[in-house]
Amino acid sequence: MQARAADFRQRRPWPPVALQRLLLVALSVLCVTVGHLWAAVLPEDRADAMFHSYDGGGVQVTGPALLVREGFADTVSLSASYYVDDITSASIDVVTNASEYTERRDELGVGMDYLRENTIMNVSYTISDENDYNAHTYGLGVSHEVFGGMTTLSMGYSRGADTVLKTTDSFFEEKIDRDQFTLGVAQVLSRRAILSMAYDLISDEGFLNNPYRGVIVIAGAPTPPITWTDPEVYPPTRRSHAASLGAKYHLSSGAAVSVNGRDFHDTWGIDANDFELSYSRYFGGKRWLVDTHYRYYTQSKASFYADYFPTFQNYMARDKELSTFDSHSVGLQLGYSFTKGGWGPGYKGTFNLSYEYLFFDYEDFTDLREDKSTFGEPYSFGAHVVELFLSLWF
Amino acid sequence: MRDLKPCFVALAVLLAGCGLQPWVKPYEREMLADPIMSLSRDPLADKYRQHVYDTREGARGAGISQGGGCGCN
């Protein structure tokens, strides 16, 4: 294991050449355009309270979430958020490998934005805590408006320090270090259209697999015995690149349409793409707002994923999130503004109800819940996501 | 030095672009300021939605919003 880890680390130039180029270009953009002074604007003061629910694949997740943002002296904006996941899981992984469980995740985040002329700098800290996983994330970012506010450039870095625990083994404790570099551009194209681009490089190092899940190794054919190995073994490093491109267009009569696409690949061999089409429209003199969207996602499997393995390998996984699959989702959100002026500028308050249906269709992950000695049909499931939230701007 | 060639090309293009003037004036941005044109109108809901995707998909990053933690064990 030690030797394998060393091999992976040796292949990892730091900082990567692609990142050096991107950072240099981004810094050049900031330096070249710093002479064009235009006033940027801090995020609006607001408060949000939400109840969320997820139900699908044997997993139920519910909980509240809060977000408050308040500005001071027109140059500083402070934010705080709180988020809870109450989880009851009898997912296919859990039923196949163990028994149903319940747990709770609490996430607390704080942040500060500082405005100076056409530049906003921000710092943030987030802590997430579960009985078998906790994470600390520190973030830094800067955004800069140029060309009379038509172009917004942003870049950021966040550092994560996670601890992986195991409820069935009090001595088990492993670490993960995460680095994330973000570049973004938002460009006004016309009086009606805006374009957005984003690039994220994420690098992880540490214990990246689930400590509970096992893989299947078949010793012979045609009616082989099945050997379970526990736990899975993943490479100790992972680096991923994700780039997205989106556009929004304001239609006449209070409606907007947007498209967004993303391309992803990583050192584990996963290639993924997603595409989303959204439509928003006001009704009733800007009292009501309806949002709809359709999203398609597809990915190839990780190089060390298999439904079963004919022999033992250095790295083995049977996580359906690393398998070959695609998903479709459709969503509808209805918002009602109960303050004078509807969804217009200034003080306002809104109630929102959102529903999304997701369907996951796996190609090489089969259902073993009934009989672990035979491989059944490829697995699939649908999920229902509901959000109910209140937003106030002040 | 060859590694830096794309950077110099990008820098030259950017410098050339500095002669451009904003073609959408501030008083022409009423529709762009409409809440339905915001890239993230509901940050809390967007963060939750991205979390739902991230915990069930292999891809990550460059999505709706960023967040911490896992919630997937």
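Computed from a prediction, not measured in an experiment: that's the story for all the values here. Below, read A as the first sequence line, B as the second, and so on, with proteins coming before strands; counting in each chain starts at 1.
- The contact between A/Val188 and chain B is made by backbone and side chain atoms together, counting heavy-atom distances below 4.5 Å.
- Interface check for chain B: of the options A/Ala256, A/Pro43, A/Gly156, A/Ser91, the most heavy-atom pairs under 4.5 Å are formed by A/Ala256.
- Under 4.0 Å is where a charged nitrogen must lie from a carboxylate oxygen, and between B/Asp34 and A/Lys248 no such pair does.
- Looking only at side-chain heavy atoms (C-beta outward), A/Tyr282 and B/Pro35 come within less than 4.5 Å of each other.
- No side-chain donor-acceptor contact under 3.5 Å links A/His52 and B/Arg49.
- Highest contact tally toward chain B, considering only A/Ala198, A/Ser240, A/Ala272, is held by A/Ser240 [criterion: heavy-atom pairs under 4.5 Å].
- Under a cutoff of 6.0 Å and an axis angle of 45°, A/Arg295 and B/Tyr53 form a cation-pi pair.
- At a 4.5 Å heavy-atom cutoff, A/Ala302 makes no contact with chain B through either its backbone or its side chain.
- Residues meeting the salt bridge (Lys or Arg N to Asp or Glu O under 4.0 Å) test with A/Arg262, sequence neighbours left out: A/Asp274, B/Glu57.
- Across all non-hydrogen atoms, the minimal contact from A/Glu387 to B/Ala45 is OE1-CB, 3.1 Å.
- The closest side-chain heavy-atom distance from B/Arg60 to A/Arg238 is below 4.5 Å.
- Options A/Gly246, A/Gly335, A/Ser190, A/Gly184 differ in how many heavy-atom pairs under 4.5 Å they form with chain B, and the most are formed by A/Ser190.
- Not one N or O on the side chain of A/Ser244 forms a donor-acceptor pair closer than 3.5 Å with the backbone of B/Gly63.
- Residue contact with chain B, scored on non-hydrogen atoms closer than 4.5 Å, involves the side chain of A/Ser329 exclusively.
- If you measure heavy-atom distances from B/Val24 to chain A, the contacts under 4.5 Å come from both the backbone and the side chain.
- Looking only at distances, a side-chain donor or acceptor of B/Trp23 sits under 3.5 Å from a matching main-chain atom of A/Leu189.
- In this structure the side chain of B/His51 reaches within 4.5 angstrom of the side chain of A/Tyr83, judged on heavy atoms.
- Only the backbone of A/Ala255 comes within contact range of chain B, judged by heavy atoms closer than 4.5 Å.
- By the salt bridge (Lys or Arg N to Asp or Glu O under 4.0 Å) test, A/Asp48 is found to be paired with A/Arg46, residues two or more places apart in sequence or in another chain being considered.
- Contact tally against chain B (heavy-atom pairs below 4.5 Å) for A/Lys301, A/His293, A/Gln333: the top residue is A/His293.
- The heavy-atom pair separating B/Ala59 from A/Phe264 by the smallest distance is CB-CG, 3.6 Å.
- Side chains of B/Arg41 and A/Leu289 form a contact here, defined as non-hydrogen atoms less than 4.5 Å apart.
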Please determine whether side chain to side chain contact (heavy atoms under 4.5 Å, CB included) holds for the pair A/Met50 and B/Lys47, giving the CA-CA distance in whole Å, both sets of side-chain angles, and the decisive distance to 0.1 Å. CA-CA 12 Å; A/Met50 180 173 79; B/Lys47 181 179 177 182; over 6 Å; no

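- Listed here is the closest heavy atom pair of A/Ile270 and B/Gly58: CD1-CA, 4.4 Å.
- A donor-acceptor pair is defined here as one N or O able to donate and one able to accept, closer than 3.5 Å; no such pair exists between the side chain of A/Asp200 and the backbone of B/Gly61.
- Here the side chains of A/Tyr54 and B/Tyr48 are in contact, with some heavy-atom distance below 4.5 Å.
- Annotation: the span from B/Ile36 atom CD1 to A/Asp291 atom CG amounts to 8.5 Å, rounded to 0.5 Å.
- Residues B/Leu32 and A/His250 are not in side-chain contact: their nearest non-hydrogen atoms beyond the backbone lie 4.5 Å or more apart.
- By number of non-hydrogen pairs under 4.5 angstrom with chain B, the leading residue of A/Arg69, A/Gln299, A/Met197, A/Arg192 is A/Arg192.
- Atom CG of B/Leu44 and atom OG of A/Ser391 lie 8.0 Å apart (nearest 0.5 Å).
- A cation-pi arrangement is absent between B/Arg56 and A/Phe325 under the rule of less than 6.0 angstrom and at most 45 degrees off the ring axis.
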